[in-house]
Amino acid sequence: MSDVNLLEATVRTEFGKGAARRTRRAGNVPAVLYGHQTDPQHLAVDAQAFAAILRQHGANAVINLVIEGKQQLALTKSVVMHPIRRYIEHADLLIVQRGEQVTAEVPVTLTGEAGPGTLVTQELTTVAVSADALNLPESIEVNIHNLAAGTQITAGALELPSGVSLADNPELLIVNIIEAPSAAATGEAEAAEAESAE
């Protein structure tokens with residue numbers, strides 16, 4: 001994370017749904033900053049600038065907030081999106097300090113194609129990891145290229161970057177590769193379903 005993630009934040013003095021709507025209408029995102037035994041601070045940040053940082057650095061972006069002239073590092077803890085219109089409705093930000101270890105959910109992405117005749121199911125799309133606040137990975141890649149049916153990849157088998165440790169149960173199943181059902185078997189299953197429906 002570099003200091004380019006500077007984001008001006010203004011302190012909100014109005015609260016409630018109406019105040020949040022007015023904040024959004026003004027092109028800002030209502031946010032709450034908390035952590036380190038401090039009272040939660042209600043802020044407003046520019047919606048476009050905040051969205052650009054999330055696009056560039058992922059859901060666990062570390063932001064250098066400028067609040068009334070003072071800088072404060074914060075980790076994006078949660079972002080609530082409008083389900084239909086896809087704008088940011090609200091954000092929770094966590095105070096962090098350089099060198100501090102934090103735990104966050106990181107997306108797991110699959111690369112490559114599994115072996116022929118297989119079906120890949122991704123059981124979990126995120127995994128909890130612990131790392132320096134400024135070195136959280138944006139995602140963890142799992143290469144499934146040419147893996148055979150019967151292969152299972154657990155959280156403990158993930159290749160994590162240096163300085164990053166698993167904060168989840170290592171037995172959690174992330175990827176399960178099974179034999180793809182044959183066309184004949186699928187047809188038989190469909191026929192059996194049709195018979196039972198009759």
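Atom set for the values below is all heavy atoms of this structure, side chains included, hydrogens, waters and symmetry mates excluded.
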Within 6.0 angstrom of Q101 CD, more than 12 heavy atoms from elsewhere: yes
In a check of side chain to side chain contact (heavy atoms under 4.5 Å, CB included) between V62 and each of I53, D132, L73, which one passes? L73
side-chain hydrogen bond (donor to acceptor under 3.5 Å, both in side chains) against T121, all qualifying residues, sequence neighbours excluded: E123
What pairs of residues pass the salt bridge (charged side-chain N to carboxylate O under 4.0 Å, His left out) test when at least one of them lies in residues 158-171, not counting sequence neighbours? none
Should I63 and M81 be counted in the same cluster of Ile, Leu, Val, Met, Phe, Trp and Tyr side chains packed under 4.5 Å apart? yes
Between V11 and I67, what is the shortest heavy-atom contact and its length? CG2-CG2, 3.9 Å
Here the gap from N64 atom CG to L7 atom CG, rounded to the nearest 0.5 Å, amounts to 9.5 Å
T109: what forms a side-chain contact (heavy atoms from CB on, under 4.5 Å) with it, not counting sequence neighbours? S139, E141
Nearest heavy-atom contact between A148 and T118 is C-CG2, 4.2 Å
Could you report the tightest heavy-atom contact between A131 and N135, atom names first, then the distance? CB-O, 4.2 Å
Quick one: are V29 and V79 in side-chain contact, heavy atoms under 4.5 Å? no
Residues R98, L134; criterion side-chain contact (heavy atoms from CB on, under 4.5 Å); working and verdict: CA-CA 7 Å; R98 290 180 190 277; L134 303 189; 3.2 Å; yes
side-chain hydrogen bond (donor to acceptor under 3.5 Å, both in side chains) contacts touching residues 72-87 (sequence neighbours left out): S78-D92
Please report, to 0.1 Å, the donor-acceptor pairs under 3.5 Å made by any side chain of residues 33-42, with sequence neighbours excluded.
from	atom 1	to	atom 2	distance (Å)
H36	NE2	E100	OE1	3.0
H36	NE2	E100	OE2	3.4
T38	OG1	G35	O	2.6

Considering residues at least two apart in sequence or located in another chain, which fulfil the side-chain contact (heavy atoms from CB on, under 4.5 Å) criterion with A52? R55
Residues at least two apart in sequence or cross-chain that pass side-chain hydrogen bond (donor to acceptor under 3.5 Å, both in side chains) with Q152, listed by chain then number, are N176
Any non-hydrogen side-chain atom of V120 less than 4.5 Å from a side-chain atom of L147? no
Is it the case that one hydrophobic cluster holds both V127 and L124, taking links as side-chain heavy atoms less than 4.5 Å apart, direct or via other members? yes
From I140 CD1 over to L166 CG, what is the distance, rounded to the nearest 0.5 angstrom? 8.0 Å
So which atom in E89 and which in P30 form the shortest heavy-atom distance, rounded to 0.1 Å? O-CD, 3.3 Å
From I174 CD1 over to T126 OG1, what is the distance, rounded to the nearest 0.5 angstrom? 8.0 Å
Ring pair (Phe, Tyr, Trp, His ring centres under 6.0 Å) with H90: which residues, sequence neighbours excluded? none
Looking at residues at least two apart in the chain, or sitting in another chain, which of them share a side-chain hydrogen bond (donor to acceptor under 3.5 Å, both in side chains) with T125? none
Rounded to the nearest 0.5 Å, the OG1 atom of T10 sits from the CG atom of L43 at a distance of 7.5 Å
For the residue pair A31 and L93, what are the closest heavy atoms and their distance? CB-CD1, 4.1 Å
For A74 and L65, which heavy atoms make the closest approach, and how far apart are they? CB-CD1, 3.9 Å
Would you please name every residue forming a side-chain contact (heavy atoms from CB on, under 4.5 Å) with A104, sequence neighbours left out? N60, L136
Quick check for you: to the nearest 0.5 Å, what is the distance between L110 atom CG and H145 atom NE2? 14.0 Å
Any salt bridge (charged side-chain N to carboxylate O under 4.0 Å, His left out) involving residues 22-33? Give me the pairs, sequence neighbours left out, ordered by first then second residue. E14-R22
Return the OG1 to CD1 distance between T151 and I144, rounded to the nearest 0.5 Å. 10.0 Å
The side-chain contact (heavy atoms from CB on, under 4.5 Å) partners of T154 (sequence neighbours excluded) come to A157
